[in-house]
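Here is the structure we will look at, set down as structure tokens.
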Amino acid sequence: MSGSPSRAVCWPSPVWSSTSFGRVSARVGPGSLLVRGRGPHERGLAFTVVEDVQEVDLDGRRTGAEGRGDHAGNARSDGWAAPNELPIHTGILRARPDVTAVVHAHPPAVVAVSAAGLPWLPLVGSYDIPAARLAHDGIPVWPRSALIRRRDLAEQMAGALGDRSVVVLEGHGLVAVGSGDPAEAVATAVTRAPAVDSPARTTLAVAGAGAPLRPVSDEDLAELPDLGASFQVAAMWRHLEARAAAEGPSTPLR
């Protein structure tokens, strides 16, 4: 999981295979971050390369050597421009000084569950311990499906996130965050996305079978071991890394 933040931001994961949109960002200073931008050669989130990633300030101006002082709305001669939904990332970084990485993605199951208004319940226990704990603790939902390209909307979304690690954007996708060393934080945020996608898939399968959504009992949840956040992140990261290497980033999670 160690390495440069810029390489972590463009790391290919099967988490992203469902769509070309979405972003990973990493804080690299009190008022700056690395993020994949928009450009004539971008191939989508799963196929991000280092050249797609630039450093910008919290207002979207490029601050790295590639282009100081350029505003997000004005693409440079190389065609690079900050993403429309940069406020998702900067809004959270402003509201949460502890956060050093932000992931925004659109897993179809998460979009479907939120659009249907289905509850986020721990329907399984030992089958997926991180997902069970996340669902049991409650997954906050921002009840809007707007394109978050304004600071006021980003502030609302960050308010829904609060001090939690993930928030679902209704009919839109999810946002996950990580703290600490930026490269490590990217790994943490990335591995939290499947922990939201997993209960979403299970919820759709159970609801689709016509069965009631019955959460695992508190007694059974209490039997689940605490493997530690660092162990869970490292194990999932190695798995996703091996999947991406063996099958390619376009392979969907399953």
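- Listed here is the closest heavy atom pair of Pro83 and Gly37: CD-CA, 4.0 Å.
- With sequence neighbours excluded, the residues forming a side-chain hydrogen bond (donor to acceptor under 3.5 Å, both in side chains) with Arg150 are Asp152, listed by chain and number.
- For the pair Ser179 and Ala185, the tightest heavy-atom approach, listed with the atom from each and the gap, is O-CB, 3.5 Å.
- Evaluation of the side-chain hydrogen bond (donor to acceptor under 3.5 Å, both in side chains) rule for Asp128 yields Ser198 as partners, not counting sequence neighbours.
- Salt bridge Asp197/Arg201: present, at least one basic N to carboxylate O contact under 4.0 Å.
- Evaluation of the salt bridge (Lys or Arg N to Asp or Glu O under 4.0 Å) test over residues 112-123, restricted to residues two or more places apart or in two chains, returns none.
- The shortest distance between side-chain heavy atoms of Arg144 and Glu170 does not fall below 4.5 Å.
- Within the 4.5 Å cutoff, side-chain heavy atoms of Arg62 are placed close to those of Trp80.
- In this structure, His104 has its ring center no closer than 6.0 Å to that of His89.
- Val167 is not listed as a side-chain neighbour of Val141, based on a closest heavy-atom distance of 4.5 Å or more.
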Exercise for review: I would like to know whether Asp57 and Arg94 meet salt bridge (charged side-chain N to carboxylate O under 4.0 Å, His left out); could you show each step before the answer?
Suggested key: CA-CA 11 Å; Asp57 65 17; Arg94 283 189 173 101; over 6 Å; no
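- The shortest distance between side-chain heavy atoms of Gln54 and Leu34 does not fall below 4.5 Å.
- If you run side-chain contact (heavy atoms from CB on, under 4.5 Å) between Thr90 and each of Val56, Leu33, Val35, only Leu33 comes through.
- When atom types are taken as modelled, the side chain of Glu85 and the backbone of Ile148 share a donor-acceptor pair closer than 3.5 angstrom.
- The shortest distance between side-chain heavy atoms of Pro199 and Leu134 does not fall below 4.5 Å.
- Just one of Val103, Thr100, Val102 meets the side-chain contact (heavy atoms from CB on, under 4.5 Å) condition when paired with Val177; it is Val102.
- Here the OG atom belonging to Ser25 is positioned 8.0 Å from the CG atom belonging to Leu86, to the nearest 0.5 angstrom.
- Taken from CG in Asn84 to CD1 in Ile88, the straight-line distance is 10.5 Å, to the nearest 0.5 Å.
- For the residue pair Arg192 and Gly178, the shortest heavy atom distance occurs at NH1-CA, 3.9 Å.
- Partner of Leu169 under the side-chain contact (heavy atoms from CB on, under 4.5 Å) criterion, out of Val111, Val110, Val175: Val175 alone.
- Residue Leu204 is not grouped with residue Val216 when hydrophobic side chains (ILVMFWY) are merged at heavy-atom distances under 4.5 angstrom, including chains of intermediate members.
- Here CZ of Arg38 is found 13.0 Å from CG of Asp52. Values are rounded to the nearest 0.5 Å.
- Distance alone, capped at 3.5 Å, is enough to place a donor-acceptor pair between the Arg27 side chain and the Leu93 backbone.
- Here Leu123 contributes atom CG and Thr203 contributes atom OG1; the two are 4.5 Å apart, rounded to the nearest 0.5 Å.
- Met157 places none of its side-chain heavy atoms less than 4.5 Å from the side chain of His172.
- Across Ala189 and Ala101, no two heavy atoms sit closer than the pair CB-O, 4.4 Å.
- Side-chain atoms of Trp142 and Val168, non-hydrogen and from C-beta on, never get closer than 4.5 Å to each other.
- Nearest heavy atom pair, residue Ala154 against residue Pro87, reads CB-O, 3.1 Å.
- The environment of Arg164 atom CZ is dense: over 12 non-hydrogen atoms of other residues, nucleotides or ligands sit within 6.0 angstrom.
- Shortest non-hydrogen contact noted between Val166 and Ala176 is CG1-CB, 3.8 Å.
- Partner of Ile129 under the side-chain contact (heavy atoms from CB on, under 4.5 Å) criterion, out of Val124, Leu221, Leu224: Leu224 alone.
- For the atom pair Thr202 OG1 and Leu121 CG, the distance stands at 11.5 Å (nearest 0.5 Å).
- The main-chain N or O of Gly22 is found under 3.5 Å from a side-chain atom of Arg36 such that the two form a donor-acceptor pair.
- The distance from the OG atom of Ser32 to the CZ atom of Arg61 is 12.0 Å, given to the nearest 0.5 Å.
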